[in-house]
Amino acid sequence: MSTLSQVAPGYRARRTLPLRVEAVRQLRRRRTLVMAVVLTALPFVLVAAFAIGGTPEGRDDRISLMDTATASGANLAATALFVSAAFLLVVPVALFCGDTVAAEANWSSLRYLLAAPVPRTRLLVSKLAVALGFSAAAMVLLPLVALAVGTAAYGWGPLRIPTGGELPAGDAVLRLALVVLYIFLSQLVTAALAFWLSTVTDAPLGAVGGAVGLTIVGNVLDAVTALGSWRDFLPAHWQFAWADALQPHMEWGGMVKGVSVSVAYALVLFALAFRGFGRKDVVS
């Protein structure tokens with residue numbers, strides 16, 4: 001019998017490609033630093049814009065979180081999430097998840113990893129776990145920096161709700177944490193789409209761009225009111241359901257539906273990625 005244990009004494013599939021090693025590799029990449037700089041800079045840009053332009057106002061006389069952005073640090077953090085959830089926070093998710101397998105194939109190092117030997121499932125699990133971890137870190141970084149910058153600029157205080165009322169500062173921080181969790185879960189469909197594309201192409205930009213592009217298409221379709229109730233099946237339809245968490249009496253219905261739709265799509269796409277890559281003829 002010819003087994004891995006006989007060929008390589010001490011070999012353990014679970015010990016190949018440790019998460020720590022993969023995380024360090026991704027942390028040292030330039031695009032990780034660029035995303036961190038962009039997300040860190042956004043709260044400073046908002047504060048500067050409000051200082052130059054004066055009191056913030058919503059568009060088209062619609063009430064939004066932008067109206068109370070300068071009320072407190074918590075308000076600035078909520079505003080930063082409001083202006084970035086639809087696109088800016090999509091980019092790091094698509095980038096980290098779409099650049100996983102495709103980057104290795106583009107560098108012609110994928111086949112060497114598999115020859116190490118790193119089992120294909122182990123390789124995908126390690127890369128996906130690290131990619132999701134970095135995506136979550138990006139979503140936490142933005143409101144944390146915004147909260148600190150907003151507190152320095154506007155003071156520590158309750159979160160003022162644009163429609164009336166306010167949340168105590170302590171409760172506001174917990175609600176914002178829930179908002180970040182919801183945004184992360186709602187972005188799982190983008191993560192899964194980017195990850196699946198990363199397993200079927202050798203072009204990282206193709207995987208990242210494809211995920212971002214299809215996410216934008218989803219936003220466009222959600223704006224087509226003629227679709228009626230069909231829009232309920234679009235992840236984009238629920239992307240701002242987290243606003244219900246910033247009300248005096250929190251509503252869960254929209255967020256539960258949004259998470260359900262996103263997770264359902266994500267599970268299918270993740271399954272396609274693992275199934276397709278398991279059968280793929282890797283030549284790069």
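Heads up: numbering here begins at 1 and tracks the sequence. In this text the structure is predicted, and so the values were computed from the model without any measurement.
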Give a yes or no on whether the backbone of Ala207 and the side-chain of Thr201 come within a donor-acceptor separation of less than 3.5 Å.
no
Looking only at heavy atoms, what is the nearest atom pair of Asn219 and Ala86, with distance?
ND2-O, 3.8 Å
Mind checking the NZ-CH2 spacing from Lys257 to Trp252? Nearest 0.5 Å is all I need.
15.5 Å
Could you check if a side-chain atom of Leu269 sits within less than 4.5 angstrom of a side-chain atom of Phe195, using non-hydrogen atoms only?
no
Within-4.5 Å side-chain heavy-atom neighbours: Leu188 and Leu267:
no
Crowding at CZ, Arg275 (>12 non-hydrogen neighbours, <6.0 Å):
no
Test your reading of the model: is there a side-chain donor-acceptor pair from Ser72 to the backbone of Pro158, 3.5 Å cut-off?
yes
Are Phe50 and Trp156 joined in one hydrophobic group, where the rule is that I, L, V, M, F, W and Y side chains link up if heavy atoms are under 4.5 Å apart?
no
Would you say the side chain of Met139 lies within less than 4.5 Å of the side chain of Val93, judging by non-hydrogen atoms?
yes
Once the angle between the rings of Phe82 and Trp242 is folded into 0 to 90°, is it parallel (under 30°), tilted (30 to 60°) or perpendicular (over 60°)?
perpendicular
For the backbone of Arg160 and the side chain of Thr68, can you confirm whether one donor and one acceptor N or O come within less than 3.5 Å of each other?
yes
Are the side chain of Thr79 and the backbone N or O of Leu65 linked by a donor-acceptor pair below 3.5 Å?
yes
In sequence, state the C-alpha distance, the side-chain angles, and the governing distance for Phe274 and Thr199, and then conclude on side-chain contact (heavy atoms from CB on, under 4.5 Å).
CA-CA 8 Å; Phe274 277 84; Thr199 63; over 6 Å; no
Smallest separation among heavy atoms of Arg175 and Ala245, with atom names:
NH1-O, 2.7 Å
Here the gap from Gln239 atom CD to Phe87 atom CZ, rounded to the nearest 0.5 Å, amounts to 12.0 Å
Would you say Val149 and Val83 are hydrophobically clustered, going by side-chain heavy atoms of ILVMFWY under 4.5 Å?
yes
Straight-line distance of Leu88 CG to Leu39 CG, nearest 0.5 Å:
5.5 Å
Are Val173 and Val145 connected in the hydrophobic side-chain network, where two residues link if heavy atoms are under 4.5 Å apart?
no
In Å, rounded to the nearest 0.5 Å, how long is the span from CG of Leu81 to CG of Leu176?
6.5 Å
Out of curiosity, does Val263 fall in the hydrophobic cluster containing Trp238 (side-chain heavy atoms, cut-off under 4.5 Å, transitive links)?
yes
So, does Thr100 use its side chain to make a donor-acceptor pair with the main chain of Cys97 at under 3.5 Å?
yes
Look only at the side chain of Tyr265 and the backbone of Phe233, and say whether a donor-acceptor pair between them is shorter than 3.5 Å.
yes
Is a side-chain donor or acceptor of Ser262 paired with a backbone partner of Val259 at a separation under 3.5 angstrom?
no
For the CD atom on Gln247, are there more than 12 heavy atoms of other groups (residues, nucleotides or ligands in this structure) within a distance under 6.0 Å?
yes
Any side-chain heavy atom of Val38 sitting closer than 4.5 Å to one from Leu42?
no
Within the structure provided, determine whether Arg25 and Val130 are in side-chain contact (heavy-atom separation under 4.5 Å).
no
Phe96 and Phe134 aromatic ring geometry - parallel, tilted or perpendicular at 30°/60° bounds
tilted
Would you call Leu89 and Phe184 a side-chain contact if the rule is heavy atoms closer than 4.5 Å?
no
Are Phe44 and Leu144 linked, directly or through intermediate hydrophobic residues, by side-chain heavy-atom contacts shorter than 4.5 Å (ILVMFWY only)?
yes
Gap separating the CG atom of Leu221 from the CG atom of Leu214, nearest 0.5 angstrom:
10.0 Å
What's the shortest heavy-atom distance between Asp232 and Val261, and which atoms?
O-CG2, 3.7 Å
Residue pair Gly210 / Leu193: nearest heavy atoms and the distance that separates them:
O-CD2, 4.5 Å
Side-chain (Ser198) to main-chain (Val101) donor-acceptor, under 3.5 angstrom
yes
Indicate the atoms forming the closest heavy-atom contact of Ala194 with Ala94, along with that distance.
CB-O, 3.7 Å
Roughly how far, to the nearest 0.5 Å, is the CG atom of Leu227 from the CG atom of Asp222?
8.5 Å
Minimum heavy-atom distance Tyr182-Ala241, with the two atoms named:
OH-CB, 3.6 Å
Spell out, as yes or no, whether a donor-acceptor pair under 3.5 Å connects the side chain of Thr40 to the backbone of Val37.
no
